[in-house]
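Atom set for the values below is all heavy atoms of this structure, side chains included, hydrogens, waters and symmetry mates excluded. The structure presented is a predicted model; accordingly, all values stated were derived computationally and were not measured.
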Number of protein chains: 4
Amino acid sequence: MNGTLPTIVADIAAEMADAPDRGTVADYIPPLACVSPSRFGMAVVEADGTTHVAGDGDMPFSIQSVSKVFGLTLALGMVGDALWKRVGREPSGSAFNSIVQLETEQGIPRNPFINAGAIVVSDLLLGRHEPGETIGEILRFVRGLAGDESIVIDNVVAQAEADTGYRNMALAQYMRAFGNIHHPVERTLGIYFHQCALAMSCRQLALAGRYLMHGGVNPETGRTIVSRQRARRINALMMTCGHYDGSGEFAFRVGLPGKSGVGGGILAVAPGIASIAVWSPGLNARGNSQLGTLALERLVQRTGWSVFDPE
Amino acid sequence: MNGTLPTIVADIAAEMADAPDRGTVADYIPPLACVSPSRFGMAVVEADGTTHVAGDGDMPFSIQSVSKVFGLTLALGMVGDALWKRVGREPSGSAFNSIVQLETEQGIPRNPFINAGAIVVSDLLLGRHEPGETIGEILRFVRGLAGDESIVIDNVVAQAEADTGYRNMALAQYMRAFGNIHHPVERTLGIYFHQCALAMSCRQLALAGRYLMHGGVNPETGRTIVSRQRARRINALMMTCGHYDGSGEFAFRVGLPGKSGVGGGILAVAPGIASIAVWSPGLNARGNSQLGTLALERLVQRTGWSVFDPE
Amino acid sequence: MNGTLPTIVADIAAEMADAPDRGTVADYIPPLACVSPSRFGMAVVEADGTTHVAGDGDMPFSIQSVSKVFGLTLALGMVGDALWKRVGREPSGSAFNSIVQLETEQGIPRNPFINAGAIVVSDLLLGRHEPGETIGEILRFVRGLAGDESIVIDNVVAQAEADTGYRNMALAQYMRAFGNIHHPVERTLGIYFHQCALAMSCRQLALAGRYLMHGGVNPETGRTIVSRQRARRINALMMTCGHYDGSGEFAFRVGLPGKSGVGGGILAVAPGIASIAVWSPGLNARGNSQLGTLALERLVQRTGWSVFDPE
Amino acid sequence: MNGTLPTIVADIAAEMADAPDRGTVADYIPPLACVSPSRFGMAVVEADGTTHVAGDGDMPFSIQSVSKVFGLTLALGMVGDALWKRVGREPSGSAFNSIVQLETEQGIPRNPFINAGAIVVSDLLLGRHEPGETIGEILRFVRGLAGDESIVIDNVVAQAEADTGYRNMALAQYMRAFGNIHHPVERTLGIYFHQCALAMSCRQLALAGRYLMHGGVNPETGRTIVSRQRARRINALMMTCGHYDGSGEFAFRVGLPGKSGVGGGILAVAPGIASIAVWSPGLNARGNSQLGTLALERLVQRTGWSVFDPE
């Protein structure tokens, strides 16, 4: 490691504060469009719990698709591997909201981290419950992972998505035509939009991700969230599918399992070593945080944490 | 680790010898169709050089697309990152020999491990040389990696591919139409078909892959084959793109960078720990070795070597 | 002409009554699935108004997509060529309910006779009106064309489509995401489903199609429904796009402008000569009436009415 | 008819001489790129043989894909309807040289008027002959149709295509991979490139097309070139597939069976009335002659010759 971890984290945050090319803030959900592109936050939780936070690392943001990791984890706990009958495990080779693949593959989305796949997961989470109950369960689950009861869902963001998310509605209706959505789409999408609207800081997000570095165990409580095998597999899916059609590039540059969201957040996991969250709202052409990716690339260069490095 | 490594390797080979569902031997290259599906070989080279070989691990087979790893490594050494102007770094989301993506993405193949991408790499390797010289250089390079001068190219296999490889010819001509193949396609494909026709045993293949576990250094000679960063990135590409449209599944089940070939071989890398080769000629529906994948899955379960596990 | 027209029509109806291979009745809209495949009807209205009806030619059936001709005609009268900013004029090269093309062509459907295109036409027809008013206007329009006030819309069929038409909902939502549907999709689809649920006999349908053989003029009333140029162009669209991905085959075998519906009806036009309707509920692999197409093929062979024949 | 035919033809030629927006001359075959966009020619042969020629109507040009009509006619005479086992009859919904459809439809091109389909027809024409013999036969056939022994093949154009036609080579190799090209691709493409390189004037082209207006009979010799049914069907294919992905637009605007070529020529047929050829080298966005299409549109408006008009 080049330098101590606190120094490395602080240095990267300082570099990102001055970075000229910050990407483009997503504008298709109105409340997200208002966030300043100057924001950058970072948090690193080490295996022993030591936590390093820099920049805007304590400011909540809309985690959006990062939440798909938590939704998948919760659903695997509920229905187990039966989930994989309704969702695939392969990179999509197309944009996050593409509908083309659903036609050729009969309504089975390629993986749980593209929108269509996460909507199926939401449909599974809904089960026989009322949407309000399921949304409450997701929130309790994430609060428990992070050990922080102050985490909330931003209902303004959820409502904005419900008002404008025609493309997600189309995906859901389309999968329903193939029998792969079991509830009325408004109810399923209610789960999906609220899950995406979780507001968390980098610190909260990195804490919530700890179970993925610890083989499925929440180190704070000692509780097993998922089996060791499932934790490993979720990490694998984050590596191959976590950044939409930029997943190969993220693996190439960063080399850690990671999941990005259109709000500019990324959760990354160095198994056995650290849980990491970065946030900067400007996105690159693939819809992933421009500076968040750069920050993780630099972190890995200085720490040697890539899973593809000899140690 | 559940048991000692020699025991684990021997046990897996024994299990594979009896496995009932062995997949389907590829028949589109006539000499490959003659190989018995009962074959299974395995070799593991540990970081300190200790080597474990089991089953048919010393029997040479046609490594086919596993050779794309060596071709890419050699080409990166010759032209550096300029290579990435002509080849992408994303999973393809389609079959190994698909031409669809080339039309929508203007002749730039998605990654160097699908056929189209490897053909571009062959075109780069050809450079200003005669095909015979380039083929000789590839052979010397692989012999050097494995430390074994007995490795040969099977010219019967190369000729059979040249006689029947219409689809690869179509891919090459198509990319030439977009200006992404610079030589007459027969010359470029001559490189490609000979590289694919490398005949190696599991032992030789695992030895040749050592530089990928050691950050780019061949431990036998101490020579740097590629920089540490490039070794890491090649591993990343193997993880996201090494098994065609089954790459997500391989990451999910095995969790190691790996590259498969239609001859039934797979090279897998546990960075810092081991270089592993398996071979069994029967393929699954995605064109990857059925028992080879299963053997690696069991190896990882018993050793904990997945890069997605805490240690 | 081989024989007199009354004989030809009667002979064809008799041949179709005995035809062994009758296709498959559509089952995705429950009320349609109940219709017996033994049905066959036919009606021919000559330029001078002489009408020949055979078989079940006076039995009403669900005209389904045949109604797209009338919807398009009405919409062209309301908004004129501005319609073509929102809908294309090319054959789709894919199935009637494909969503793929909408993604690559940014929400603009290929033509007004595939589902997506007809939904846009419904959105135009809705304009500033209430759905009930627009549905009433469509019904009045078709009654006027046929000169038959007894024509009705089958609300059971309309409701069944509304209950199960997830794929059409997906198409509408998807186009709304691109801004090409201007009303809430339920309202637009209300128009579409009711238009499709028009119940007409072959006689009524052939009468309604008279304006297309007469250059846009309803011969009964002398009123101009559309300009001569528009009538010609609607015929052209029926020729190139009227049978989904079987349009080329229909032109090849029949050689008349025609529009089919999933209820088994086809309206065909011999410009200057005749307006023809056939009905048989069994469909071929492309979703067009198996016997209806065969009946038209035989009619054209015996009459020489193909537009591609010298006279 | 608005005016006499000689006046109409002369007027249109005069209008086209001054037209400002002339499209873009194709540049991918070098010899074609040298033709001046100011050229415009037209020839109309009436049913009784009366011929009207205007502008550059006696200047030879490269007919390119217009020749696919003659190749198809000749092949149908040789192998009959067996041809349709290897080529479809549907519009493609994509560009003239697209390869995507071939992958999803297993090497069967959508119709004989896209490049892939015409290459299969060339493969059929080659049969057991030497390429030189087949090329000679095509030339004799076209000379016979036009009644003009002075028609030649431009070998410079044929050679230029052979030197640069990578995309056509890719199409041919790709279809060979599916078993739908039976000869070495160089031989099959030799036929294709020479057929495309036919140099003809509008007068010659319109004369050659007479059999399509006369139900398959060459009126000069009285010989049946193809059966009446086949002539009708070739016309149908020209209507639905003759202008690549602009076929719907051509039917909409012109309403005649027509086949265009990248050299700027179009052959159109008014069954029973006239055979028409136009030429202007500038192309529209779909690859069809900009002024040629406009000239035909005006001709049809003034003559009422559209097959979709009442008479």
Most contacts with chain A, counted as non-hydrogen pairs under 4.5 angstrom, among B/Gln301, B/Gln101, B/Arg253, B/Arg110: B/Arg110
B/Met239 portion near chain A, given a 4.5 angstrom heavy-atom threshold: both
Donor-acceptor under 3.5 Å (A/Glu249 side chain, B/Glu90 main chain): no
Spacing of A/Thr240 atom OG1 and B/Phe250 atom CZ [to the nearest 0.5 Å]: 12.5 Å
Those residues of residues 223-238 of chain A, ordered by number, that approach chain B below 4.5 Å (heavy atom to heavy atom): A/Arg228, A/Gln229, A/Arg232, A/Arg233, A/Asn235, A/Ala236, A/Leu237
Shortest non-hydrogen contact between B/Asp309 and A/Pro271, atoms and distance: O-CB, 3.2 Å
Shortest non-hydrogen contact between B/Gly215 and A/Pro310, atoms and distance: N-CG, 3.6 Å
Options A/Ala270, A/Pro257, A/Ser247, ranked by heavy-atom pairs under 4.5 Å with chain B, top entry: A/Ser247
Salt bridge (Lys or Arg N to Asp or Glu O under 4.0 Å) partners of A/Arg298, counting only residues at least two apart: A/Glu15
